[in-house]
Amino acid sequence: MPELPEVETVRKGLEQLIQGKEIQSVDVFWNRIIDYPDVTVFKSSLIGQTILEIKRRGKYLIFKLSDADLISHLRMEGKYEYQLTSPEKKSKHTHVVFHFTDGSQLSYHDVRKFGRMALVPKDTAISYKAVALLGPEPTDSTFLLEDFENKLARSSRAIKTQLLDQTMVAGLGNIYANEVLWEAKIHPEQPANTLTKKEIIRLRKTIIAVLDRAVKAGGTTIRSYVNALGEAGHFQVSLNAYGKTNQPCPRCLTPIVKIKVGQRGTHFCPNCQKLRRRKIK
DNA sequence: CGCAATGTTCGAAA
DNA sequence: TTTTCGAACATTGC
């Protein structure tokens, strides 16, 4: 479920639930969830480690442990659930369980089994694989206009596809990419290298603003997302385009249209978001 | 039955 | 070589 706002909300929940706890043992029921290292090593290395803090980079959660970094990506449906005691009934979709020395436990659930975890040496998470390639966090001080402009100029892909590329800016996913483009009045199929300077400035500001608002709302719950405390998000009431096929655009009342862009469902207002054939100076 | 679903990766094609 | 495309991963629900 997670795009940046959902992952950030999960991070906050985990922080209050498991910070300071010591791992006593780990169960892994679906080996492919563990990307690195070998499952046996993964499990044994975690024993005795304490959760110092929980960070986030893009859509990745990074558990800072006493002697390692645990990287976790929820992909489409990953969820963390905290329990004070070990339940007799293990849910069918529980794939990893971290048992703490105080008897409580953190379980990782993932219906589609797309999520991944990796245990890397202390303080090296930021240089691990895809984490190292992530673009800037979407904040005013880190997401710089000039870099964004340069990256856009080098790609002819549809702007929406480009926004989903985590090397552009970290954390945008399908819901927020749709929302951002609607708000910035840019057609999702507009080639990235044909955006005007004005549009790029507006797009950058909108990305920062939309994600910020969504974080404050605790994320968006469309189908299954809940945070680590089991709570749903609230941003779904603020959606203007995503999932609004045939419903009137909140700005001009033209029905929202759904198309496919880069294999992903894409919603937009054909009146507010017009495709330009040529770049205008 | 068929398709789509908050995502990323990897091999092939251009 | 670089960029883009599209299948694959796995399961559920409409």
Side-chain angles (χ1 to χ4, degrees), chain A residues 1-11 29-36 56-61 71-80 91-96 108-118 128-135 138 150-181 189 191-193 207 210-211 213-215 217-228 231-245 258-267:
Chain A
M1 350 218 98
E3 296 182 40
L4 186 151
E6 291 76 38
V7 177
E8 176 60 17
T9 306
V10 167
R11 187 197 68 75
F29 303 103
W30 187 258
N31 290 358
R32 295 192 61 177
I33 299 285
I34 312 304
D35 219 21
Y36 180 88
R56 178 194 57 73
R57 177 77 172 93
K59 303 175 192 173
Y60 290 84
L61 284 168
I71 304 168
S72 168
H73 197 302
L74 278 30
R75 293 284 178 91
M76 296 287 262
E77 304 223 42
K79 284 175 204 50
Y80 278 106
S91 133
K92 172 183 174 187
H93 302 299
T94 298
H95 307 309
V96 181
Y108 176 72
H109 297 240
D110 193 337
V111 169
R112 292 171 72 178
K113 301 175 177 167
F114 283 178
R116 293 292 180 266
M117 291 182 198
Y128 181 76
K129 286 192 187 175
V131 182
L133 301 173
L134 290 175
N150 290 334
K151 282 180 181 165
L152 289 175
R154 283 188 256 118
S155 172
S156 57
R157 291 149 105 191
I159 182 61
K160 175 160 178 273
T161 302
Q162 200 60 5
L163 290 182
L164 292 177
D165 183 333
Q166 301 298 299
T167 66
M168 295 293 295
V169 56
L172 268 182
N174 202 33
I175 293 179
Y176 300 111
N178 276 288
E179 291 303 303
V180 161
L181 290 171
E189 290 179 298
N193 57 9
I207 289 169
V210 168
L211 290 175
R213 267 185 265 142
V215 166
T220 302
T221 293
I222 291 296
R223 36 187 304 163
S224 62
Y225 166 73
V226 286
N227 66 22
E231 305 162 333
H234 303 293
F235 196 74
Q236 58 276 16
V237 302
S238 305
L239 295 178
N240 294 302
Y242 183 84
K244 303 292 184 185
T245 314
K258 181 182 182 184
I259 60 174
K260 207 98 177 176
V261 177
Q263 318 181 275
R264 310 299 304 276
T266 301
H267 311 253

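Keep in mind it's a predicted model, so treat the numbers as computed, not measured.
Note that CD of A:Gln166 is 7.0 Å distant from CG of A:Leu172, once rounded to the nearest 0.5 Å.
Atom-to-atom, CG of A:Leu239 to P of B:dT6 comes out at 12 Å; the value is rounded to the nearest Å. Separating the CD1 atom of A:Ile259 from the P atom of B:dA4 is a distance of 14 Å, rounded to the nearest angstrom. Between the OH atom of A:Tyr60 and the C1' atom of B:dT8 there is a distance of 7 Å, given to the nearest Å. Atom OH in A:Tyr128 sits roughly 9 Å away from atom P in B:dT9 (whole-Å rounding). Taking atom CD1 of residue A:Ile222 and atom P of nucleotide C:dC14, one finds them 14 Å apart after rounding to whole Å. Between the NE2 atom of A:His267 and the C1' atom of B:dT6 there is a distance of 11 Å, given to the nearest Å. For the pair A:Arg57 CZ and B:dT8 P, the interatomic distance rounds to 13 Å; values are reported in whole Å. In this structure, A:Leu133 places its CG atom 16 Å from C1' of B:dG7, rounding to the nearest Å.
A donor-acceptor pair shorter than 3.5 Å can be found between the side chains of A:Tyr176 and A:Glu6. Residues A:Tyr80 and A:Ser72 bring a donor and an acceptor atom of their side chains to less than 3.5 Å of each other.
Distances shorter than 4.0 Å separate some side-chain N or O of A:Tyr242 from OP1 or OP2 on B:dT6. Look at A:Lys79 and you won't find any side-chain N or O under 4.0 angstrom from OP1 or OP2 of B:dT6. Side-chain N/O atoms of A:Gln166 include none lying less than 4.0 angstrom from OP1 or OP2 on B:dG7. The side chain of A:Lys92 places an N or O atom within less than 4.0 Å of a non-bridging phosphate oxygen (OP1 or OP2) of C:dT12. Between A:Lys59 and B:dG7 there is a side-chain N or O to OP1 or OP2 distance below 4.0 Å. Distances shown here put every side-chain N or O of A:Arg157 at or beyond 4.0 Å from the OP1 or OP2 atom of C:dT3. Contact check, A:Arg112 against B:dT6: no side-chain N or O comes under 4.0 Å of OP1 or OP2. The side chain of A:His73 places an N or O atom within less than 4.0 Å of a non-bridging phosphate oxygen (OP1 or OP2) of B:dT8.
Scanning DNA chain C for stems, defined as runs of 3 or more consecutive Watson-Crick or G-U wobble pairs whose donor-acceptor distances all fall under 3.5 Å, gives the following ranges: B:2-5 with C:11-14, B:7-14 with C:2-9.
A salt bridge does not link A:Asp165 to A:Lys151: none of the charged side-chain nitrogens sits closer than 4.0 Å to a carboxylate oxygen.
Set against C:dA10, C:dT4, B:dT8, the side chain of A:Ser156 has C:dT4 as its closest nucleotide. When distances run from any side-chain atom of A:His93 to the nucleotides B:dT8, C:dA10, C:dT11, the shortest one goes to C:dT11. The side chain of A:Ala130 has B:dT9 as its nearest neighbour among B:dT9, B:dA4, B:dG7. Between B:dT8, C:dA10, B:dA5, one nucleotide has an atom nearer to the side chain of A:Arg223 than all others, and that is B:dA5. Looking at the side chain of A:Trp30, the nearest of the listed nucleotides C:dA10, B:dT6, C:dT4 is C:dA10. Closest approach to the A:Lys260 side chain among B:dA5, B:dT8, C:dT4 is made by B:dA5 (side chain taken as heavy atoms from C-beta onward). The A:Glu3 side chain lies nearest to B:dT6 when the options are B:dT6, B:dT8, C:dT12. Taking every side-chain heavy atom of A:Lys113 into account, C:dT11 is the closest of C:dT4, C:dT11, C:dC9.
The backbone N or O of A:Asn240 sits less than 3.5 Å from a side-chain atom of A:Glu179, completing a donor-acceptor pair. Checking side-chain atoms of A:Asp110 against main-chain N and O of A:His95 turns up no donor-acceptor pair under 3.5 Å. Side chain of A:Gln236 to main chain of A:Thr221: a donor-acceptor pair is present (N/O by atom type, distance under 3.5 Å, no hydrogens or angles).
Across C:dT4 and B:dT6, the matching C1' atoms stand 24 Å from one another, rounded to whole Å. Atom name P, nucleotides C:dT1 and B:dT9: the rounded distance is 22 Å, in whole Å.
Residue-level contact check: A:Thr161 touches neither bases nor backbone, having no heavy atom under 4.0 Å from any strand. Among the heavy atoms of the strands lying under 4.0 Å from A:Lys258 are primed sugar atoms or P, OP1, OP2 only; no base atom is included. If you check every strand for non-hydrogen atoms under 4.0 Å, A:Arg264 touches a base.
A:Glu8 is listed as a side-chain neighbour of A:Arg56, based on a closest heavy-atom distance under 4.5 Å.
Counting distance only, with no hydrogens placed and no angle test, the side-chain atoms of A:Gln263 and the base atoms of C:dA7 include a donor-acceptor pair under 3.5 Å.
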Next item on the list: Could you give me the CA-CA distance, side-chain angles and deciding distance for A:Leu163 and A:Met168, then say whether side chain to side chain contact (heavy atoms under 4.5 Å, CB included) is met?
Entry: CA-CA 6 Å; A:Leu163 290 182; A:Met168 295 293 295; 5.6 Å; no
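Where stacking is scored as ring centres under 5.5 Å apart with planes under 30°, A:Phe114 does not register as stacked on the base of C:dA10.
Tested against A:Ile259, the residues A:Arg264, A:His267, A:Glu189 include a single side chain to side chain contact (heavy atoms under 4.5 Å, CB included) partner, A:Glu189.
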